[in-house]
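Everything on this sheet refers to the single structure shown next.
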Amino acid sequence: MRNLRLLRNGGCRPAATTGTPQCFCLGAEPGTVLVGSQHGLVDHWFLYLKVTREVDLTVEGFMPEDGSGCIVGIEDLPEHECVCVATAAGDILLCNLSTKQVECVGSVDSGLSTMSWSPDQELVLLVTGQQTLIMMTREFEPITEKQVHQDEFGEGKFVALGWGKKETQFHGSEGKQAAHRKQMEVSPTSAWDDGRPRVTWRGDGLFVAVSAVCPETGARKVRVWNRELVLQSTSEPVSGLEQALSWKPSGNLIASTQEKPNRHDVVFLEKNGLLHGEFTLPFQKGQVKVNELLWNADSTILAVWLEELKVDNSNPNSYVQLWTTGNYHWYLKQSLHFGSLEENRLVSLLWDRENLYRLHVLCEGWHYFFYDWHWTIDHGMGENSQRMANVAVIDGDKVLVTAFQHAVVPPPMCTYELQLQQAVNQVAFHTNPQHSGDMAVLDADNKISVYRYVLLCDTGPFCDPTVRLGAVGGNGFKAAVETPYLDKTYRVDVGSNSNEVMNPLGLRFLTWLSDDSFLVVGEGQHAAQSVLYHLTAVPHETEAEEQLSVPVNGEVISLCCSPTTKTIALQLADRRILKYLWEASTPVLEPWRTSSGCAVQFPYPCMQMSITRIGDEEVILGLTDRCRFIVNDTEVASNITSFATYNEFLLVTTNSHTCQCFCLKNMPLKALQACLSSAAAPNSETLRKVERGSRIITVVPQDTKVVLQMPRGNLETVHHRALVLAQIQKWLDRLMFREAFQSMRKLRINLNLLYDHNPKVFLENAENFVRQIDTVNYINLFFTELKEEDFTKTMYPSLNGSSKAQSYQHPDQKKVNLICDVMRVAMENIDPQKYCLSILTAHVKKSPPELEIALQKVHDLRGDVKAVSAEEALKYLLFLVDVNELYDYALGTYDFDLVVMVAEKSQKDPKEYLPFLNTLRKMETNYQRYTIDKYLKRYKKALGHLSKCGPEHFSEFLNLVKDQNQYCEALKLYPPSTQEYKDISDAYGEYLVQKQLYEQAALIFARAGIFAKALDAFQDSGSWQQALCMATRLGYTKDKLSSLSRSMDYEEALLLLLEGALWEEALRLVRHFRAQEPEWKYFFRLIFLYSQKAAFLRHKSRLQVVRELKEKALEQHSPHPSSHHNYETPNCPELDLFSETSSVVTASDMNSKYSHSSSRISVRSSKNRRKAERKRYSLKEGSPFEDIALLEVLGENVRAVETVKDIHILLKQLVLFGYNEQAGTLQQALEEILQLMETSIPEIWTPDLQRSSVNPVLGPSSTANSIMAAYQQKRMVTPVVQDPELLIPPKLNKNLQWKLHLLQ
């Protein structure tokens, strides 16, 4: 769907040149062309329009002075800093243009017909006059020499598998006679064939093809050789094969031409010599000859150089055609007509090696031209018209138009085609959005043909013979698409001079400004200058007059126009952007400026431009051929392959094979740059995956279609989610519910958006919605997709800011229920019979479903002749609801006819439900309904019906109450004065007692007059006041009241004793009152835990006080330990343990005391020794080893509590007997004390204390030096004990699972 547009062109003729050019090549330096003539070599700088260097080969005798010499090959060798020239006489010359020295590196006596260098310039192939091939290195050392004409096929010869003789094989429609038919003789070459061999290299330089005339048959054959001149293959006999030869750089095909009996074709050969495809040239047989074929560097364009055959000694016309292929069809994109002047006759043409789309042309009059092309898509620019999605494709003298608004027609087919009289070069659509389908076509004869659309009139549409329907106009079908008609043709004749040599395509960038006004860009009088020509079509005239010309100080290489603002932007060769104010009284050019006032200049030349708005600023977008995307003068991305703008949206395709869509309305430039540079989330609405190499062709306005073209040429249509949502919003804002619904249904957009976009508007226009949708199935589909969530916040968060979602007007009602009710009312008002099924859906969709109402409406349909029968309605209802569930609801209506109707539609066995229904029919009405409700587990209704069945069914009633715990509902059914009420209350109270809800049970008992049970319940609940009241009601004596009072007060007394830490009295009280109950174990354990906790806290706080006093005593006796090493403190290790309450003694006294004590202990018995050790670790305040005693008793506390972890057995017993509250209290108490001990152990048994137990200062391994060092480092602060295990902290077993999860 792309066309070739002329980006820029140039031409010149060097002055003071002699001779006639014969061939040329491109110089290594940019802007230079090396031209060979019969006199020598010319270095032509076409950018500066001058000849800089010239080498005359006639001086040295390499070329004859009479001008009969011929150069057959020329190649610039940058590494040799010279030019290699091959002459027809057989000389191979190296010419240094700087020094003008010429060196002959070789000579062939038989002469040379061709010299061809490999693409890497490592090898050169020479074809001699004796039809031999010579392969040489770059240093001109021969590699091998072979004859051009070989009898053998080559190394790629086909292998015969021996599958039978030719006579026995199948020959298709030709029949068996084809096996005996002789091979057709190959016709010789045409008379105009020059007979010279043609050489072409494959793009990688591994193979070379040579076309030469066979001396035996006179026809041409193509042979493929490798770099060592080993023959690979020979082409099959092709009758009429001509001289042109060019190997596609990609390497898969070799192009040549063939003259057939009725047409002239360009044919393609494979490397193995077999034909593979062709296309026909648009000329009659014998009208033209093809001189050369040339592929551009990326194998996308094939240039064909043609000349008309001479007739009556007149000068022939010269043509250059540019062909491209897509979807297996060859398109003629451009045709350059050079006329018939002798000076215009072409000498040679070349594709540029670096600029892939630059074509160089050299004429006999030393005129040189270059043409820069680029790909473009010609499409309508409107946004409101019905013909705005037209895309025009140039194909020779035809314009193939595809109207994507109506149908996506894959190329090479089209909606309709325009037939012109000359080859088409440019197509321009009208810039007015209301006429965006109108086209102006500029052909090779500089004529503008204007095609317009018209409205249908009474006489029918215009019939134009130049417009022919394409794929949409099949036989017997009526085309619904409008076609344009040829309004007028104008001839353009501006900026031309009859005395000058004709330059094809002197006009470019055709733009249709208004109804009769056009804008084109032409070449200025000086190089690197352009001129803007305003053309005005004069009514009833055939020529477009030049109204105004505006010179541009620079070369225009790109132009674009905004259809909304009419702004025209020009890009110059120096990348500056100019704004053309053409609607002003005097059109002027001014720099394009940003909002800050800076002139815009692209950082790189852009091949595609567009004007759009980002926020409130009009900006210029550009895309380079290197995938760089530019906004004004800022590069925002470097991986963009194509882009398109539509309203406030920008769509781009990337090298990562994604299509992204951005809303530019409220997006700053930095945000756009950040979005393009970062990878969006896979499920983002702005991104979607596309096929590799996809490019945007067009966006269909007022629709959601984005047309993409794949590299092979086929089309794909995608509906980008961002465009879809934006279009749906517009439809909903205009109350176009039908269009929005159809798009959402087709593109799988959640239908909740119909409501969530604007709930208030939807509810107010519910009837309008129903009338537009109209179809019952569509309305049902809407109901089934309804959900409670707001989809503008969940699935489509991008719409959260733009949607007009408001809070529900009925906050007490759910969203689905609200929509169902409003829609149901609307449908009932419009036509309840037509929308019967939708009304049923509205009932079923509600939460909870109104199945009984729906069933009743189905029941009401029986017997009436309506749009929907009861059978159809029930069948539809079964589609929405499970049949078993619907059967139960039908049974709950107590309508057996309805039950039977539902059951018949189910898979139920009649032998099962018919006896059940017959049994129910025989029952009394209330008991019947009780049975149904009990079957359906509707126990509240069942109790109501059973209570009306009389006292004989009360026992059944009471059993049902007990089974289903429906006590409260049952009490409502009987007056309080009845015996039934008392019996229900008695059962209810017993139930509450089982649940240990004693106080509630007591209230139920007391209300029913069951005072004895009420007394026990109040007593269990600890409510002694109510218990004494019940005792009074029961007539208790004073003694019984006193005993009752004492028995109820023991628990409060027990709690007070525990709070006061009077453990013995608490144990006595427990044993006295509850010694025989399981609960007493609970109290014992609880008392033990509380006592251990209190002792642990007391000993811990005392240990902290002792340690602080010990530190103070050490500081008083040794204020400067580092300077008094001989102080006698080291002789008194116990001094550190003294508290302030102990007697102050000297070190010698303590030493003697300690020694005396030791001497006494040593002579005692072991029993007395243990007793003395216990005395030494006394808890008495002020004792020498008080801290050791505290450590010992704290360790015993921890170990004692650790043994209580078997409490889990007691916890399980308490839970088993219903003492959940007591079990929870006990578990919490143990958990608290364990947590207290776990956090306190690091504070009590410090790390220093633990290290001293591992490495004691005094011990069998200690030395005098180690002991003194320890004292100097104050390590003797740690007491020296004979039991180091006391310094090791006790361990808590954390792996034991003792807690009950149900008590947490």
Report task. Verify the distance criterion only: is there a donor paired with an acceptor across the side chains of Ser116 and Trp201 at less than 3.5 Å? Result -> yes
Query - From Ile143 atom CD1 to Thr137 atom OG1, the distance as rounded to the nearest 0.5 Å - result: 6.0 Å
Query raised in the report: Does any N or O in the side chain of Arg2 come within less than 3.5 Å of the main-chain N or O of Val393, such that one atom is a donor and the other an acceptor?
Result: no
Query - Short N-O contact, Arg220 and Glu242, less than 4.0 angstrom - result: no
Query raised in the report: So, Phe24 versus Trp366, ring centres under 6.0 angstrom or not?
Result: no
Query raised in the report: How many angstroms lie between CG in Asn317 and CG in Leu306, if you round to the nearest 0.5 Å?
Result: 11.5 Å
Query raised in the report: Once the angle between the rings of Phe369 and His367 is folded into 0 to 90°, is it parallel (under 30°), tilted (30 to 60°) or perpendicular (over 60°)?
Result: parallel
Query - Heavy-atom side-chain contact between Asp194 and Gln243 under 4.5 Å - result: yes
Query - Salt bridge Arg8-Glu523, side-chain N to carboxylate O under 4.0 Å - result: no
Query raised in the report: Roughly how far apart are Ser211 OG and Asp193 CG, rounded to 0.5 Å?
Result: 8.0 Å
**Report entry** Sub-6.0 Å ring centroid separation between Trp323 and Phe279
**Finding:** yes
Report task. Report the distance from atom CG of Leu349 to atom OG of Ser318, rounding to the nearest 0.5 Å. Result -> 10.5 Å
**Report entry** Between Ser340 and Asn344, a side-chain donor and acceptor under 3.5 Å
**Finding:** no
Query raised in the report: In Å, rounded to the nearest 0.5 Å, how long is the span from OG of Ser37 to CE of Met63?
Result: 6.5 Å
Query - Flag, side chain of Trp351 to backbone of Leu294, donor-acceptor distance under 3.5 Å - result: yes
Query raised in the report: Does a salt bridge link Lys289 with Glu308, judged by any charged N lying under 4.0 Å from a carboxylate O?
Result: no
Query raised in the report: Would a line drawn from the ring center of Tyr357 to the ring center of Tyr371 be shorter than 6.0 Å?
Result: no
Query - N-O pairing of Glu307 and Arg345 below 4.0 Å - result: yes
Report task. Determine whether the aromatic ring centres of His337 and Tyr319 lie less than 6.0 Å apart. Result -> yes
Query raised in the report: Do Asp56 and Lys100 meet the salt-bridge criterion of a basic N to acidic O distance under 4.0 Å?
Result: no
Report task. Please test Trp330 against Phe268 for ring pair (Phe, Tyr, Trp, His ring centres under 6.0 Å), starting from the C-alpha separation and ending with a verdict. Result -> CA-CA 13 Å; Trp330 283 89; Phe268 301 100; 5.3 Å; yes
Going by atom type alone, with no hydrogens or angles, which donor-acceptor pairs under 3.5 Å involve a side-chain atom of residues 118-126 and a protein atom two or more places apart or on another chain?
unit_1: Ser118; atom_1: OG; unit_2: Asp120; atom_2: OD1; d: 2.5
unit_1: Ser118; atom_1: OG; unit_2: Gln121; atom_2: N; d: 3.4
unit_1: Ser118; atom_1: OG; unit_2: Glu122; atom_2: N; d: 3.2
unit_1: Ser118; atom_1: OG; unit_2: Leu123; atom_2: N; d: 3.1
unit_1: Ser118; atom_1: OG; unit_2: Leu123; atom_2: O; d: 3.3
unit_1: Asp120; atom_1: OD1; unit_2: Glu122; atom_2: N; d: 3.2
unit_1: Gln121; atom_1: NE2; unit_2: Glu75; atom_2: OE2; d: 2.9
unit_1: Gln121; atom_1: NE2; unit_2: Asp76; atom_2: O; d: 3.0
unit_1: Glu122; atom_1: OE2; unit_2: Arg138; atom_2: NH1; d: 3.1

